[in-house]
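As structure tokens, the structure follows; a few thoughts come after it.
Note that the structure is predicted; figures quoted are calculated from it, not measured. Throughout, a chain's letter reflects where its sequence line sits, starting with A, and its residues are numbered from 1.
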Amino acid sequence: MSIYDTLNAEQREAVFHTEGPLLILAGAGSGKTRVLTHRIAYLIEEKGINPWNILAITFTNKAAGEMRERVDDIVGFGSESIWVSTFHSTCVRILRRHIDRLGYDNNFTIYDSDDQKTLMKDVCKLLQIDTKTYRERMILSAISSAKDEMVTPEEYELNAYGDFSKKKIAEAYKEYERQLKANNALDFDDLLVKTVQLFQTQPEILEYYQDRFRYIMVDEYQDTNTVQFKLISLLAAKYKNLCVVGDDDQSIYKFRGANIQNILSFEKEFEHTKVIKLEQNYRSTSTILDAANAVIKNNVGRKAKSLWTENGEGEKIQFRQFDTAYDEAEYIVGDIRERVDNGKAAYCDHAVLYRTNAQSRLFEEKMITANIPYKIVGGVNFYARKEIKDLLAYLKTIDNGKDDLAVRRIINVPKRGIGLTTVNRITEAAQQRGISFYEALCSADLVPGLGRSISKLESFAAMIEYFRKEAEHLSITELMKEILTETGYVEELKAEGEEEAEVRLQNIDEFLNKIAAYEESCEEELPTLSGFLEEVALVADIDSLDEESDYVVLMTLHSAKGLEFPYVYLAGMEDGIFPSYMTITADDPTELEEERRLCYVGITRAKKELSMTCARRRMIRGETQYNKMSRFLKEVPPQLLSTGKIVEKEELELPKQNAYVQAKQSFQAKPFMISKPVQQFGVKSGEGLSYGVGDRVRHMKFGEGTVTAITEGGRDYEVSVDFDSAGTKKMFASFAKLQKV
DNA sequence: GTGCCTGCTCACGGG
DNA sequence: GAGCAGGCAC
């Protein structure tokens with residue numbers, strides 16, 4: 001009995017087909033990761049391929065981490081020399097070694113979208129482009145699309161012939177590129193573009209990597225864009241042992257240039273491609289699968305596919321419509337709480353998926369009140385916080401003095417009396433002399449009109465030079481600590497004493513932890529400053545989902561791709577949210593199709609049970625919006641849905657019950673048929689609670705305290721308690737389970 | 001040069 | 001609702 005016996009016929013065919021181009025069309029949950037990992041094992045163990053010669057590319061860090069883990073499990077010896085990484089980190093690893101051939105320093109900086117925006121602002125100022133007519137983001141997204149298609153600034157200009165706004169963008173593109181290069185920096189798109197350029201201009205480097213990566217595998221192939229396709233085509237051109245796995249129904253990244261044509265071009269670019277379809281689903285119940293199929297079949301532009309499963313029918317899909325987004329969040333949180341308390345599942349068996357990151361806040365609040373451990377994936381990047389960016393700018397300045405953006409960011413942080421006027425004078429001088437900002441600053445005495453600032457500039461430069469010297473023999477952690485004390489950064493925050501400063505200090509501690517974690521994780525390779533900065537730039541969430549801890553996962557539908565959970569909640573199923581307002585109003589019907597594929601991805605994440613919820617009104621950007629239920633919901637056959645306990649009319653008009661029971665009941669199951677808001681029950685504040693304002697109460701976690709206020713908060717009572725040790729907290733009566741003492 | 005206030009924009013998604 | 005740019009007073 002070998003490990004390959006557990007595979008079905010098609011999966012085995014894919015595993016055993018090792019030579020030549022292979023296209024695997026794998027439906028959701030059809031075990032494609034299993035195929036890829038087994039294929040790697042087969043290559044090494046049965047075909048005697050050196051693990052060193054294998055490259056597996058994924059889209060997200062999360063997917064890469066998961067694949068890495070599974071490969072380690074199955075391969076055992078030698079698995080660490082297989083490259084398992086994202087497109088972007090693959091490129092960075094290559095560029096770090098060879099980008100000097102393209103005229104960059106090998107310790108280039110990577111700009112995130114904030115940096116890009118800052119740079120573009122400078123560009124627009126320089127070219128006198130009015131950012132009211134041409135928004136920085138608009139220009140940047142045009143440039144990004146151009147780079148995805150490998151269009152150079154010069155080509156862009158040629159194409160723009162006669163089109164005024166395109167011409168403007170072309171100008172900005174050119175200058176943006178010039179400044180990036182001057183700063184020795186690359187943006188995310190450049191990582192791919194420059195790698196392709198490197199391969200196209202340096203045949204011997206290309207050949208080295210072709211020989212190295214004799215066996216290449218690409219996951220989520222449907223989401224590759226033109227430059228990514230070019231990259232793998234170049235790498236695989238010599239041996240043609242390229243295996244790509246994709247599902248056109250799960251293509252959800254058209255917005256960043258994903259090109260479905262790549263699946264079609266694949267068979268053109270690589271002759272004699274073997275195509276294998278995986279159609280048996282091992283993940284979900286047939287109910288969930290039927291719903292997914294019913295939704296996706298409304299898309300016109302797709303390849304016919306028939307997913308099937310041997311799994312049972314399972315539970316119906318739960319559907320609820322609520323009055324407000326608060327109610328929705330409470331229902332979901334309460335449902336999870338109940339299932340965990342009943343011992344039916346652990347926290348980590350649950351995932352809450354939503355369309356936009358902004359929706360996470362409500363769930364976060366409710367999870368905290370319900371004392372449910374949770375983890376938000378994605379969202380505001382830790383490394384995008386102000387204090388962290390400041391500290392990173394120090395490290396970048398020390399590592400790469402050409403990064404003007406970084407130097408300018410910290411030249412007056414903490415305050416050292418170097419103002420905007422001085423910075424502008426230096427910028428000008430640097431531009432005139434064609435040197436970097438930092439170089440100009442070092443010879444400040446040559447810059448006219450600086451006056452008294454010169455001494456301040458000199459001491460700043462002396463400090464950076466001192467750090468550079470220290471960096472030679474200190475670890476990154478030690479260097480960072482040195483920076484924190486020498487610059488007075490921590491001192492300044494401590495002096496503020498505000499709560500916000502407190503949070504920032506905690507984040508700095510967290511940052512030090514992350515540095516330490518990086519230094520530990522580099523076992524053989526020496527931890528370097530550049531290495532750390534690179535990891536930070538590429539990894540959104542350094543700590544990926546770890547299996548050890550037990551928590552509910554909150555994330556966007558996009559982040560959820562490739563993952564699976566026994567219990568999945570799709571929240572915010574409303575027209576205007578999902579599908580988003582932009583796609584509903586768009587002229588292009590394919591945008592709605594992309595949105596529908598996203599829905600398909602969401603549904604097929606669920607293994608056992610799926611719940612879909614929506615709210616009649618919710619706050620968006622500070623204003624209340626009234627939404628209809630999502631059109632995708634209506635595409636699910638009604639017989640697959642359950643709307644929970646239907647409360648009869650009489651029951652609604654029953655004499656007042658105990659308010660606590662009522663509150664609990666109303667958030668547990670509020671079917672969408674009820675049009676009468678529960679608030680109208682006519683219960684007065686505090687009635688039915690065993691305690692009132694001024695009473696002493698006990699809370700499971702926070703201990704004893706005094707009730708200061710009770711207000712009616714929609715479904716439930718909101719109770720404010722001044723705890724003796726934990727401070728004042730607001731909580732919902734039904735969750736807090738307060739005991740009168 | 002610094003700090004505060006106002007008003008504008010932003011939000012669709014990830015590396 | 002939040003974060004940021006620009007304007008204005010000190």
Side-chain angles (χ1 to χ4, degrees), chain A residues 57-64 85-92 110-114 116-118 121 125 131-132 135-138 141 144 147-148 186-192 220 223-225 227-228 251-258 353-362 377-381 383-386 411-424 451-453 456 500 534-542 555-562 572 576-586 591-592 594-595 597-598 601-602 618-625:
Chain A
I57 296 185
T58 62
F59 264 81
T60 63
N61 292 301
K62 223 169 331 114
S85 64
T86 62
F87 268 107
H88 291 86
S89 43
T90 303
C91 290
V92 172
I110 302 165
Y111 277 0
D112 66 16
S113 29
D114 285 349
Q116 284 179 286
K117 208 182 157 196
T118 313
K121 220 173 265 170
K125 213 187 214 168
T131 52
K132 286 234 157 59
R135 313 219 129 273
E136 291 97 333
R137 282 190 195 286
M138 188 274 277
S141 85
S144 177
K147 288 187 178 181
D148 285 346
L186 302 184
D187 65 20
F188 278 118
D189 301 308
D190 280 340
L191 298 176
L192 294 150
E220 309 286 7
D223 286 326
T224 50
N225 59 31
V227 60
Q228 287 163 336
S251 159
I252 54 176
Y253 283 103
K254 213 183 97 201
F255 74 91
R256 54 164 214 225
L353 309 182
Y354 36 78
R355 179 66 177 83
T356 65
N357 276 311
Q359 288 166 261
S360 66
R361 232 195 63 216
L362 271 182
V377 177
V380 179
N381 191 341
Y383 297 103
R385 287 163 212 257
K386 184 188 168 298
I411 191 165
N412 201 27
V413 177
K415 301 259 170 320
R416 32 180 93 89
I418 304 173
L420 204 63
T421 331
T422 311
V423 170
N424 285 342
R452 284 180 296 131
S453 308
K456 292 171 189 161
E500 195 190 299
E534 173 185 315
E535 183 157 320
V536 167
L538 293 178
V539 176
D541 256 308
I542 263 191
M555 62 184 147
T556 62
L557 288 153
H558 280 88
S559 309
K561 193 170 69 158
I577 305 273
F578 185 37
S580 76
Y581 180 74
M582 306 264 282
T583 53
I584 296 176
T585 50
E591 290 203 17
L592 191 67
E594 172 137 326
E595 208 76 350
R597 289 194 291 271
L598 191 57
V601 167
R618 71 171 66 228
M619 289 277 274
I620 289 165
R621 291 199 220 170
E623 59 186 45
T624 306
Q625 235 182 47

Need one value for [X]: base, sugar-phosphate or nothing, where a base atom within 4.0 Å counts as base even if backbone is also close, heavy atoms only.
X	answer
A:Phe87	nothing
A:Asp112	nothing
A:Thr583	nothing
A:Tyr581	nothing

Looking at [atom1] of [X] and [atom2] of [Y], how far apart are the two atoms once the value is rounded to the nearest 0.5 Å?
X	Y	atom1	atom2	answer
A:Asp189	A:Cys91	CG	SG	11.0 Å
A:Asp223	A:Arg256	CG	CZ	6.5 Å
A:Arg597	A:Lys254	CZ	NZ	7.0 Å
A:Asn61	A:His88	CG	NE2	10.0 Å

Q) Considering heavy-atom distances to DNA chain B, does A:Glu595 or A:Ser89 have its closest nucleotide positioned more toward the 5' end? A) A:Glu595

Q: Name the residue closer to the 5' end of DNA chain B, choosing between A:His88 and A:Glu591 according to the nucleotide with the nearest heavy atom.
A: A:Glu591

Find the distance [X]:[atom1] to [N]:[atom2] and express it as a whole number of Å.
X	N	atom1	atom2	value
A:Glu136	C:dG6	CD	C1'	14 Å
A:Asp148	B:dG15	CG	C1'	12 Å
A:Phe59	B:dG13	CZ	P	18 Å
A:Ile110	B:dG14	CD1	C1'	15 Å
A:Arg385	C:dA2	CZ	P	15 Å
A:Lys147	B:dG15	NZ	P	19 Å
A:Ile57	B:dG15	CD1	C1'	13 Å
A:Ile584	B:dC12	CD1	P	12 Å

Output the single nucleotide from [options] whose closest atom is nearest the side chain of [X].
X	options	result
A:Thr421	B:dG1, B:dG14, B:dG15	B:dG1
A:Asn412	B:dG1, B:dT2, B:dC12	B:dT2
A:Thr422	B:dG13, B:dG1, B:dG15	B:dG1
A:Met582	B:dG15, B:dG14, B:dC12	B:dC12
A:Arg135	B:dC10, B:dG13, B:dG15	B:dC10

Output yes when at least one side-chain N/O atom of [X] is less than 4.0 Å from OP1 or OP2 of [N], else no.
X	N	result
A:Ser559	B:dG14	yes
A:Asn357	B:dG13	yes
A:Thr556	B:dG14	yes
A:Lys121	C:dA5	yes

Q. With stacking defined as ring centroids separated by under 5.5 Å and planes differing by under 30°, is A:Phe255 stacked against B:dG13?
A. yes

Q: Indicate whether the side chain of A:Gln359 and that of A:Thr356 have a donor and an acceptor atom separated by less than 3.5 Å.
A: yes

Q. Are A:Lys147 and A:Asp190 within salt-bridge range, i.e. N to O under 4.0 Å?
A. yes

